[in-house]
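In what follows, a single structure is set out as structure tokens and then discussed.
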Amino acid sequence: MTSFPDAIEHAVRIALVAAAESGSLSPLGDVSFVVERARNREHGDWATNVALVAAKQAGVAPRDLAALVVEHLPDLEYLAATDIAGPGFINFTLASDWYLEVLRTAAMGGPDHARGDSKGKERIQVEFVSSNPNGPLHIGHGRGGVIGDVIARALDYAGHPVSREYYYNDAGVQMDRYAASLEALYLQALGKDAEFPEDGYHGSYVEDWAGELVAEHGDAFVDLADRRDRIRQWGLDRAMRNIEETLELARIPFDVWFSETSLHEGGDVARSIDVLRERGYVFEDQGAVWFRTTDFGDEKNRVLVKSDGEYTYIAPDVAYHRDKFERGFDRVINVWGADHHGYIPRMKAAVDALGYDPDRLEIVINQMVNVNRAGEPVRMSMRAGEFISFRDVLEEVGADATRYTLAAFSPDTTINFDLEAAKTQSMDNPVYYLQYAHARMCSLERFAREQGVERLPIDEVDLTRLTDQAERAVLRQADRLGEEIAEAAARRAPHRIATYGTDFATAFHRFYAECRVVTDDPAVTQARLWLIEASKSVIQAVLGVLGLSAPESM
RNA sequence: GCCCCCGUAGCUCAGUGGACAGAGCAGGAGCCUUCUAAGCUCUUGGUCGGAGGUUCGAAUCCUUCCGGGGGCGCCA
């Protein structure tokens with residue numbers, strides 16, 4: 001089957017050569033031009049700027065060059081018209097046959113009809129959330145979670161083998177502080193004398209969980225020699241359970257849960273430092289072991305092993321990234337909050353120093369989320385104790401509206417997440433606009449059935465009865481599905497899918513308003529029922545990649 | 001001081017080299033005795049933060065300044 005825009009680009013190149021051979025144009029070298037969808041309907045379906053970019057080299061005015069290209073253009077399937085417009089754009093209008101192909105493909109292929117081919121696609125790991133297992137996820141983790149999840153879903157749809165991974169720091173100092181806090185509260189709850197650690201965790205959840213610990217184990221841990229370790233393990237399990245439950249509520253699945261401790265126990269941390277040392281990037285100074293990241297453009301060198309013999313967080317992270325590449329991923333994407341952006345040069349340096357191309361590690365940074373309630377800021381400090389968790393938000397606002405709010409904006413933009421606005425079932429909340437389109441499609445099909453209208457096999461239906469502009473507009477939008485998701489995946493820009501979904505829903509809602517589906521004309525009714533089937537495929541694909549539910553009625 | 005993100009309509013944001021800058025909300029005017037009005041149509045509203053530059057062409061790329069947010073540890 002013909003595929004656009006490739007077919008047009010190919011035809012234009014042929015035309016350039018043909019024009020040169022006919023003597024009306026001096027031969028051009030490699031010309032770099034684009035063929036893209038026209039923004040306005042008056043500009044047809046596809047447009048190329050070839051005449052604008054090549055005019056200077058050809059020594060011909062853009063519009064004249066465009067005319068030469070059009071004149072020598074070979075026959076192209078599905079092409080209905082070419083026009084020269086504006087400063088020298090060539091616009092291509094497709095025949096309605098093309099859109100009936102789009103309809104058949106979408107209607108028969110279901111939501112997966114526009115999935116990309118996996119042939120030759122990079123194997124990609126997406127690592128995200130990766131919150132420390134010492135407390136609930138907050139909204140920032142939630143944003144990273146939704147962004148990583150949608151990127152992974154989009155990559156998968158585009159044809160990439162994808163592995164979704166959660167890395168948890170269950171070793172390290174933060175874990176000690178958390179365990180010590182739990183331990184102190186546990187002992188205090190049992191009436192024992194215990195001092196709360198100065199750098200302990202103050203969240204009210206710590207108190208709640210210490211209470212659970214007492215309820216579960218009573219004073220069984222009090223006199224144990226390995227009390228702290230037992231409590232640490234219990235606390236780890238408790239936190240992980242909370243995190244897993246929250247992610248499940250948010251519909252964010254993972255393929256691999258990777259433990260930092262496993263790196264230490266497997267000797268990978270020490271081994272990775274050895275690798276760096278062998279490659280000449282390690283030195284000792286003031287009793288500490290240093291990684292010469294400045295060799296790779298970092299602003300200063302970084303400590304791997306502190307003078308007290310403890311690893312810094314960098315050491316296991318080096319080991320972890322080495323492990324990722326040893327597992328054979330072509331590309332590794334990490335989704336981090338903006339507060340970690342300064343860490344990128346270090347991590348890139350590590351990958352480089354280990355002998356891997358640092359470009360294979362990509363970091364997607366997402367900006368902060370401010371939580372408001374009816375315009376008033378909600379305090380978000382972990383330390384202050386009172387903070388609204390991601391789970392609280394999911395439970396209050398619902399997974400659909402929460403996910404949409406976190407996915408619909410560019411990761412580069414700071415989000416002001418207003419709980420009241422997100423809960424409102426209005427157009428402040430475009431998630432309903434998308435879902436309503438789906439519910440409407442289902443409702444139309446139900447109504448047809450209730451009226452005794454049976455949809456005939458598509459081969460027996462005259463799709464050429466779809467002649468309304470609104471019908472064609474739906475199919476024009478439907479045609480974009482595959483490339484929009486692929487583009488969103490390639491740019492790591494999940495919000496593009498939400499934008500596209502809104503465009504599609506708009507076209508559908510307009511169709512609904514313009515065209516009555518169940519009519520006195522059975523042929524038209526049949527054709528429109530198939531248009532709805534195709535539309536369902538598209539909207540379900542969009543909702544699926546965004547991880548939103550597709551309600552059959554609202 | 002250095003680094004990252006943002007600055008586009010009253011508000012929240014799309015648009016990162018193309019053709020008159022878009023959407024939703026808010027404001028104004030219409031559309032339900034036949035398929036869901038969580039919808040549709042029309043309309044008001046913009047020096048794309050400022051100034052230079054590159055280009056046939058700049059909201060988009062470069063420089064610089066201004067404003068807002070975040071980050072710069074032998075913490076993670």
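Per chain, numbering begins at 1; letters A, B, ... match sequence-line order.
Look at CG on A/Asn370: it is 18 Å from P on B/C5, rounded to the nearest Å. A/Arg516 places its CZ atom 18 Å from the P atom of B/C40, with the value rounded to the nearest Å. The nearest whole Å value for the distance from the OH atom in A/Tyr500 to the C1' atom in B/G24 is 19 Å. For the pair A/Asp418 CG and B/C13 C1', the interatomic distance rounds to 15 Å; values are reported in whole Å. For A/Gln57 and B/C56, the CD to P distance is 13 Å, given to the nearest whole Å. For A/Arg491 and B/A14, the CZ to C1' distance is 13 Å, given to the nearest whole Å. For the pair A/Arg346 CZ and B/A76 C1', the computed distance is 11 Å after rounding to whole Å. Rounding to whole angstrom units, CG of residue A/Leu444 and C1' of B/G39 are separated by 12 Å.
Relative to the side chain of A/Lys56, the nucleotides B/A14, B/C75, B/U55 differ in distance, and B/U55 lies closest. When distances run from any side-chain atom of A/Ala47 to the nucleotides B/A19, B/A76, B/C35, the shortest one goes to B/A19. Here the nucleotide nearest the side chain of A/Met554, chosen from B/A38, B/G70, B/C2, is B/A38. The nucleotide whose nearest atom lies closest to any side-chain atom of A/Phe409 is, among B/U12, B/A76, B/C56, B/U12. Relative to the side chain of A/Thr312, the nucleotides B/C35, B/C74, B/A19 differ in distance, and B/C74 lies closest. You'll find that the side chain of A/Arg440 is closest to B/G39, out of B/C20, B/A76, B/G39. Nearest to the side-chain atoms of A/Gln367 among the listed nucleotides B/C40, B/G15, B/G69 stands B/G69. Side chain of A/Ala513, nearest nucleotide from B/C40, B/G18, B/A19: B/C40. Counting only heavy atoms from C-beta on, A/Leu52 has its side chain closest to B/C56 among B/C74, B/C35, B/C56. For A/Asp412, whose side chain is taken as the heavy atoms from C-beta onward, the closest listed nucleotide among B/C5, B/C75, B/A19 is B/C5.
Note on A/Cys442: nothing from the nucleic acid sits closer than 4.0 angstrom, heavy atoms only. Residue A/Val53 is classed as a base contact, given a heavy-atom separation below 4.0 Å to a base. If you check every strand for non-hydrogen atoms under 4.0 Å, A/Glu310 touches nothing. Counting non-hydrogen atoms under 4.0 angstrom, A/Ala85 reaches a base of the nucleic acid. Using a 4.0 Å heavy-atom cutoff across all strands shown, A/His495 reaches sugar-phosphate atoms only and no base atom. Counting non-hydrogen atoms under 4.0 angstrom, A/Ser410 reaches the backbone sugars and phosphates but no base. Within 4.0 Å of A/Glu552, counting heavy atoms only, lies at least one base atom of the nucleic acid. No contact: A/Ala448 has no heavy atom under 4.0 Å from any strand.
Atom C1' of B/U47 sits at a distance of 13 Å from the matching atom of B/A9, rounded to the whole Å. When the P atom is used for both B/G49 and B/C2, the distance is 23 Å, rounded to whole Å. Rounded to whole Å, the separation between the P atoms of B/G69 and B/G53 comes to 32 Å. For the C1' atoms, the distance from B/U43 to B/A26 is 14 Å, rounded to whole Å. When the P atom is compared between B/G28 and B/U33, the two are found 23 Å apart, to the nearest whole Å. One C1' atom belongs to B/U44, the other to B/G7, and the distance between them is 25 Å to the nearest Å. Only the P atoms considered, B/C74 is 25 Å distant from B/C5, to the nearest whole Å. As rounded to the nearest Å, B/A21 and B/C6 have P atoms that lie 23 Å from one another.
Helical stems in RNA chain B, defined as runs of 3 or more consecutive Watson-Crick or G-U wobble pairs with donor-acceptor distances under 3.5 Å: B:1-7 with B:66-72, B:10-13 with B:22-25, B:27-31 with B:39-43, B:49-53 with B:61-65.
Of the two residues near RNA chain B, A/Lys300 and A/Asn49, the one whose nearest nucleotide lies more 5' is A/Asn49. Both A/Arg177 and A/Val518 lie near RNA chain B, and the one whose nearest nucleotide falls closer to the 5' end is A/Val518.
Taking 4.0 angstrom as the limit, A/Arg39 places a side-chain polar atom (N or O) nearer than this to OP1 or OP2 of B/A19. A/Tyr433 has a side-chain polar atom (N or O) that falls below the 4.0 Å cut-off from OP1 or OP2 of B/C40. Taking side-chain N and O atoms only, A/Arg302 has no distance below 4.0 Å to OP1 or OP2 of B/A76. Considering only side-chain N and O atoms, A/Tyr343 lies nowhere under 4.0 angstrom from the phosphate OP1 or OP2 of B/C3. An OP1 or OP2 oxygen of B/A37 is reached within less than 4.0 angstrom by no side-chain nitrogen or oxygen of A/His509. Of the side-chain N and O atoms in A/Thr413, none sit less than 4.0 angstrom from OP1 or OP2 of B/U12.
Counting atom types as modelled, A/Asp339 pairs no side-chain N or O with a base atom of B/G71 as donor and acceptor under 3.5 Å. Judged by distance alone with a 3.5 Å cut-off, a donor-acceptor contact links the side chain of A/Asn91 to the base of B/A19. Between the side chain of A/Tyr432 and the base of B/A38, no donor-acceptor pair of N or O atoms lies under 3.5 Å. Residue-to-nucleotide contacts include a donor-acceptor pair under 3.5 Å from the side chain of A/Ser307 to the base of B/C74.
No donor-acceptor contact under 3.5 angstrom links the side chains of A/Asn91 and A/Asp83, judged on distance only. There is no side-chain donor-acceptor pair under 3.5 Å between A/Gln540 and A/Ser537. A side-chain N or O of A/Asp317 and one of A/Tyr343 form a donor-acceptor pair less than 3.5 Å apart. No side-chain donor from either of A/Tyr281 and A/Thr293 sits under 3.5 Å from a side-chain acceptor of the other. Side-chain contact, A/Tyr313 with A/Glu260: no donor N or O sits under 3.5 Å from an acceptor N or O. Residues A/Ser549 and A/Gln435 have side chains that bring a donor and an acceptor to within less than 3.5 angstrom of each other. Using a 3.5 Å distance cut-off with no hydrogens or angles, the side chains of A/Asn334 and A/His321 do pair a donor with an acceptor. Looking only at atom types and distance, the side chain of A/Gln469 has no donor-acceptor partner in the side chain of A/Arg472 under 3.5 Å away.
For B/C56, the base adopts the anti conformation, since its glycosidic angle falls more than 90 degrees from zero.
Between A/Trp257 and A/Tyr168, a ring centre-to-centre spacing not shorter than 6.0 Å is recorded.
To the nearest 0.5 Å, atom CD of residue A/Gln233 and atom CE of residue A/Met175 are 8.0 Å apart. For the atom pair A/Phe511 CZ and A/Met441 CE, the distance stands at 9.5 Å (nearest 0.5 Å).
Aromatic stacking is not marked for A/His341 over B/G71, as the cut-offs of 5.5 Å for the centres and 30° for the planes do not both hold.
Taking the charged nitrogens against the carboxylate oxygens, A/Glu450 and A/Arg446 have no contact shorter than 4.0 Å, which rules out a salt bridge.
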